[in-house]
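Encoded as structure tokens, the structure appears first; notes follow it.
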Amino acid sequence: MVKIIAMLTNNDLTVANARETFDASNHAPTQYWGFKDTGISVHAASELAKHIYDKGKTLVFESFGEKEDDCLRAAEFSITNNCKYLIGCQFHTSVVSLLQGSSVSYLPTIGRREGIPRYLYGSIEEVVGDGQRVLASGADGICLSMYRYKDGDPNELGSAALRAVGQRSTIISGSINTFDRLKQVRKLRPWGFTIGSALFDEAFGKGLNWHEQISVLDAVLTA
């Protein structure tokens with residue numbers, strides 16, 4: 001089944017009450033919890049990571065790093081703080097080397113991304129080709145900003161990317177905020193997808209809390 005990655009983020013920033021949100025919701029039907037390196041200090045991020053890990057959850061750390069030094073710092077953070085997945089940052093072979101022998105899986109972004117919120121640009125061929133390049137160069141998978149894609153049809157991009165790189169190597173991130181998009185993700189069957197802002201916006205049930213909305217997601221994915 002497609003994995004639900006509950007991200008303690010809103011509008012691409014880790015929220016100030018991330019720990020409280022997690023504590024109120026960690027009994028929801030997902031093993032995977034994460035946050036971004038934006039909107040939070042390194043010290044606070046380390047404390048949040050320890051809290052999530054100590055509760056027995058699998059940690060996903062998403063970095064917006066683009067420069068090599070920033071991505072290496074994200075990799076070091078992931079190793080030090082028991083993160084299982086490092087996603088979202090740019091691909092660098094030095095990050096592959098640093099993570100070698102660790103328990104951290106590296107799923108960098110592909111294509112050209114700009115701004116916060118991050119949007120994805122380029123032709124479908126360019127984005128897919130970039131995905132094939134990073135996998136051939138040592139990444140464990142890709143992080144695809146499918147519904148942040150501005151230069152074509154997101155569903156066409158998703159289908160092409162998953163055909164090229166494989167379902168089990170793909171996390172879809174960003175703007176899965178309608179039932180139609182959720183059902184399309186179910187159809188594509190990537191390894192997993194991230195969701196954060198949509199839960200804060202109650203996109204999957206007005207008046208429902210995180211636990212209840214994640215339960216709705218789980219029900220749709222297993223239908």
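When reading the values below, keep in mind they use all heavy atoms of this one structure, side chains included, and skip hydrogens, waters and symmetry mates.
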request  = Determine whether more than 12 heavy atoms belonging to other residues, nucleotides or ligands lie under 6.0 Å from atom CD of Gln100.
outcome  = no
request  = Spell out, yes or no, whether Leu72 and Phe77 are grouped together once hydrophobic residues are joined by side-chain heavy atoms under 4.5 Å, including indirect joins.
outcome  = yes
query = Between Gln31 (side chain) and Lys3 (backbone), is there a donor-acceptor pair under 3.5 Å?
reply = no
From CA spacing to verdict: side-chain contact (heavy atoms from CB on, under 4.5 Å), Ile5, Thr30 = CA-CA 7 Å; Ile5 306 169; Thr30 182; over 6 Å; no
key: Pairing of Asp70 and Lys67 as salt bridge, 4.0 angstrom limit   = no
query = How far does NZ of Lys50 sit from CG of Asn81, to the nearest 0.5 angstrom?
reply = 10.5 Å
message = Assess, by modelled atom type and distance only, whether the side chains of Thr109 and Gln90 contain a donor and an acceptor separated by less than 3.5 Å.
response = no
query = Is it true that the side chains of Tyr147 and Asn155 contain a donor and an acceptor less than 3.5 Å apart?
reply = yes
query = So, does Ser197 use its side chain to make a donor-acceptor pair with the main chain of Asn11 at under 3.5 Å?
reply = yes
query = Taking the side chain from Ser78 and the backbone from Cys83, do they hold a donor-acceptor pair closer than 3.5 Å?
reply = no
query = Do Thr9 and Val15 have side-chain heavy atoms sitting under 4.5 Å apart?
reply = no
inquiry  = Is it the case that the side chain of Gln167 and the backbone of Leu188 share a donor-acceptor pair, with hydrogens and angles ignored and the cut-off at 3.5 Å?
reply    = yes
note = From the list Phe35, Tyr53, Tyr85, ring-ring contact (aromatic ring centres under 6.0 Å, His included) partner of Phe61 resolves to Phe35
key: Separation of Leu99 CG from Glu76 CD (nearest 0.5 Å)   = 9.5 Å
ask   = Would you find a donor on one side and an acceptor on the other, under 3.5 Å apart, between the side chain of Asp151 and the backbone of Gly122?
value = yes
query = Okay, side chain of Asp201, backbone of Ala203: is any donor-acceptor separation there less than 3.5 Å?
reply = no
query = Would a distance-only check, ignoring hydrogens and angles, find a side-chain to backbone donor-acceptor pair under 3.5 Å from Arg118 to Phe64?
reply = yes
message = If you apply the rule side-chain contact (heavy atoms from CB on, under 4.5 Å), what do you find for Glu126 with Ser123, and how did you get there?
response = CA-CA 5 Å; Glu126 288 170 338; Ser123 69; 3.1 Å; yes
request  = Let me see the working for Leu59 and Lys84 under side-chain contact (heavy atoms from CB on, under 4.5 Å), right down to the final yes or no.
outcome  = CA-CA 5 Å; Leu59 263 167; Lys84 179 61 178 172; 5.5 Å; no
message = Would you say that Thr194 contacts Ile172 through its side chain, given a criterion of any heavy-atom pair below 4.5 Å between the two side chains?
response = no
task = Could you point out which residue of Asp180, Ile176, Leu182 forms a side-chain contact (heavy atoms from CB on, under 4.5 Å) with Thr178?
result = Asp180
message = Side chains of Lys150 and Leu120, heavy atoms from C-beta outward: is any pair under 4.5 Å?
response = no
ask   = In terms of hydrophobic clusters joined by side-chain contacts under 4.5 Å, are Ile4 and Leu8 together?
value = yes
message = Distance check, rounded to the nearest 0.5 Å: His211 atom NE2 versus His27 atom NE2?
response = 4.0 Å
request  = Look at the side chain of Lys57 and the backbone N and O of Asn26, then say whether any donor-acceptor pair between them is shorter than 3.5 Å.
outcome  = yes
message = A side-chain contact here means heavy atoms from C-beta on lying under 4.5 Å apart; do Glu156 and Ile124 qualify?
response = yes
Spatial distance of atom CH2 (Trp191) from atom CE (Met1) [nearest 0.5 Å] = 10.5 Å
Heavy-atom side-chain contact between Tyr119 and Ser145 under 4.5 Å = no
query = Mind checking whether Phe179 and Phe204 have ring centres under 6.0 Å apart?
reply = yes
inquiry  = How long is the straight-line distance from CG of Asp140 back to CG of Leu107, given to the nearest 0.5 Å?
reply    = 6.0 Å
request  = Using distance alone, with no hydrogens and no angle criterion, decide if Asp23 and His51 have a side-chain donor and acceptor under 3.5 Å apart.
outcome  = yes
ask   = Taking side chain as C-beta onward, heavy atoms only, is Asp12 less than 4.5 Å from Arg148?
value = yes
note = Nearest heavy-atom contact between Ser41 and Ala44 is OG-N, 3.0 Å
request  = Hey, can you tell me if Trp33 and Trp210 have their rings parallel, tilted or perpendicular (30° and 60° cut-offs)?
outcome  = parallel
Co-membership, hydrophobic cluster, residues Val127 and Met146, 4.5 Å side-chain = yes
message = Are Leu144 and Tyr106 linked, directly or through intermediate hydrophobic residues, by side-chain heavy-atom contacts shorter than 4.5 Å (ILVMFWY only)?
response = yes
request  = Applying salt bridge (charged side-chain N to carboxylate O under 4.0 Å, His left out), name anything that partners Asp130, two or more places apart in sequence or on another chain.
outcome  = Arg133
inquiry  = Heavy-atom count check: over 12 atoms from other residues, nucleotides or ligands less than 6.0 Å from Arg112 CZ?
reply    = yes
inquiry  = Is there a side-chain contact between Ile214 and Pro29 in this structure, where contact means two heavy atoms from C-beta onward sitting under 4.5 Å apart?
reply    = yes
Under 3.5 Å: donor-acceptor pair, side chain of Ser102, backbone of Leu98 = no
query = Do Glu47 and His43 have side-chain atoms, one donor and one acceptor, less than 3.5 Å apart?
reply = yes
ask   = Are Val185 and Ile142 connected in a single hydrophobic cluster, I mean Ile/Leu/Val/Met/Phe/Trp/Tyr linked by side-chain heavy atoms less than 4.5 Å apart?
value = yes
key: Worked verdict on Phe193 versus Ser173 for side-chain contact (heavy atoms from CB on, under 4.5 Å)   = CA-CA 6 Å; Phe193 70 97; Ser173 65; over 6 Å; no
task = Specify the closest pair of heavy atoms between Gly65 and Ser63, including all atoms of both residues, with the distance to one decimal.
result = N-OG, 2.9 Å
ask   = Would you say Ile110 and Cys143 make side-chain contact, with heavy atoms under 4.5 Å?
value = no
query = Looking at Val95 and Ala75, what are the two nearest heavy atoms and their distance?
reply = CG1-CB, 3.9 Å
Minimal non-hydrogen separation, Val220 against Lys183, with atom names = CG1-CG, 4.1 Å
key: Rounded distance [0.5 Å steps], CG in Asn82 versus OG in Ser103   = 7.0 Å
query = Is the backbone of Ile87 close enough, under 3.5 Å, to the side chain of Glu62 for a donor and an acceptor to pair up by distance?
reply = no
